[in-house]
Amino acid sequence: MPVELVGVGHRFGSGPWLFRSVDARVEAGSVAAVVGPSGSGKSTLLAICAGWMPPAEGTARTSGPARPDRPDRPPRIAWVFQNPHGAPHRTALDHVALPLLARGVPTRAADERARLLLEEFGLAGAADRPFSTLSGGEAQRLLMARALAGSPDVLLVDEPTAQLDQTTAHRVADALTALHAQGTAVVIATHDPAVRDQCDQVIDLGDERYRGGGR
């Protein structure tokens with residue numbers, strides 16, 4: 001399975017535990033929400049899922065589907081951060097087409113696929129606009145579309161609707177949670193009840209069973 005957490009806990013140095021005893025399995029094609037109050041360790045848990053930091057306790061495993069020629073193929077992991085960054089003078093279409101071109105997709109086909117992804121995130125009209133002209137919400141949706149263009153095994157998303165109006169937030173939530181058919185395992189750190197309610201499972205770091213009794 002793409003993401004498996006067994007008894008995972010984390011703290012920094014000898015400080016208080018952010019969370020402990022987290023057990024979760026996120027299958028391919030499923031969407032999990034990581035929720036909890038600010039400071040509960042949501043982004044830290046995403047970093048552990050990405051393999052960017054080891055947990056202080058327990059084990060975290062992220063994998064991709066094995067191939068006959070490469071049974072130990074490393075997973076393709078994409079992370080969409082809360083604060084979006086891009087190339088100021090490149091168009092929205094360029095940002096989404098680039099991962100496709102890097103995988104060898106012909107230019108015309110890459111552009112067509114990129115336009116479809118932009119449309120899924122409500123950005124069809126922004127395809128030819130430079131990144132620097134996009135609003136914060138538009139830029140965040142653009143980077144989600146770009147992440148999906150890379151066909152990741154695991155997609156990690158940090159607060160995807162924090163900067164969006166309610167209508168756009170619902171559209172983004174629909175697009176993210178409609179990834180079942182693509183076989184991508186999605187882990188979303190969120191405060192948004194609308195996102196939480198559309199996920200297959202919820203890891204609530206505010207739950208007492210994960211608080212670990214302090215130090």
Side-chain angles (χ1 to χ4, degrees), residues 2-3 5 8-12 17-19 22 24 26 30-53 55 60 62 75-87 92 95-96 99 117-118 120-123 126 131-132 134-150 152-180 182 184-207 210-211:
V3 180
L5 306 174
V8 168
H10 198 74
R11 64 179 177 179
F12 295 98
W17 289 94
L18 296 174
F19 50 81
V22 176
V26 185
S30 67
V31 184
V34 180
V35 303
S38 295
S40 60
K42 296 187 296 297
S43 296
T44 298
L45 187 58
L46 289 190
I48 290 171
C49 290
W52 290 3
M53 67 169 65
T62 304
R76 294 188 297 268
I77 299 173
W79 186 319
V80 179
F81 296 96
Q82 184 174 351
N83 298 313
H85 297 281
H95 280 78
V96 181
L117 283 167
L118 288 171
E120 286 184 24
F121 284 91
L123 293 170
F131 185 88
S132 60
L134 302 179
S135 68
E138 287 173 329
Q140 193 170 40
R141 284 181 282 150
L142 171 64
L143 296 192
M144 292 181 210
R146 183 178 70 178
L148 293 182
D153 301 309
V154 178
L155 176 62
L156 306 170
V157 188
D158 198 356
E159 297 290 355
T161 61
Q163 302 182 51
L164 309 181
D165 61 80
Q166 188 173 16
T167 299
T168 306
H170 278 292
R171 186 167 190 169
V172 169
D174 289 342
L176 285 171
T177 55
L179 295 174
H180 302 72
Q182 296 191 26
T184 300
V186 185
V187 184
I188 307 172
T190 183
H191 282 99
D192 191 337
V195 174
R196 172 181 177 147
D197 290 347
Q198 294 188 61
C199 294
D200 301 307
Q201 62 178 294
V202 176
I203 304 168
D204 186 353
L205 297 183
D207 192 305
Y210 297 142
R211 301 319 302 160

Tell me, please, which residues at least two apart from D207 pass side-chain contact (heavy atoms from CB on, under 4.5 Å). D204, R209, Y210

With rounding to the nearest 0.5 angstrom, report the CD1 to CG distance, I77 to D153. 8.0 Å

Does a side-chain heavy-atom distance below 4.5 Å link I188 with P160? yes

Using residues 33-48 as the side-chain source, report each donor-acceptor pair under 3.5 Å to any protein atom, sequence neighbours left out, with the distance given to one decimal.
| residue | atom | partner | partner atom | Å |
| --- | --- | --- | --- | --- |
| S40 | OG | P37 | O | 2.7 |
| K42 | NZ | G36 | O | 2.9 |
| K42 | NZ | P37 | O | 3.3 |
| S43 | OG | D158 | OD1 | 3.4 |
| S43 | OG | D158 | OD2 | 2.8 |

If I take atom CG from residue L143 and atom CZ from residue F131, how far apart are they, to the nearest 0.5 angstrom? 5.0 Å

What are the two closest heavy atoms between G150 and R76, and how far apart are they? O-NE, 3.8 Å

Rounded to the nearest 0.5 angstrom, the NE2-CG distance for H95 and L123 is 12.0 Å

Within the structure provided, determine whether L5 and C49 are in side-chain contact (heavy-atom separation under 4.5 Å). yes

Distance in Å, F121 CZ paired with R146 CZ, rounded so as to fall on 0.5 Å steps: 13.0 Å

Provide the closest heavy-atom pair for V26 versus A32 in the form atom of the first, atom of the second, distance. CG2-CB, 3.8 Å

Any side-chain heavy-atom pair from V22 and L205 closer than 4.5 angstrom? yes

Could you tell me whether a side-chain N or O of Q198 sits under 3.5 Å from a main-chain N or O of V31, the two making a donor and an acceptor? no

Return the set of residues passing side-chain contact (heavy atoms from CB on, under 4.5 Å) with A78 (not counting sequence neighbours), or none when no residue passes. A147, P152, L155

Nearest 0.5 Å, what's the CE-CD distance between M144 and E120? 13.0 Å

For the residue pair L134 and A126, what are the closest heavy atoms and their distance? CD2-CB, 4.0 Å

Under a 4.5 Å cut-off applied to non-hydrogen side-chain atoms, are E159 and T190 in contact? yes

Determine the interplanar angle of the F81 and W79 rings, folded into 0 to 90°, and report it as parallel if under 30°, tilted if 30 to 60°, perpendicular if over 60°. parallel

Test of understanding: with side-chain contact (heavy atoms from CB on, under 4.5 Å), list the residues that count as partners of S135, not counting sequence neighbours. E138

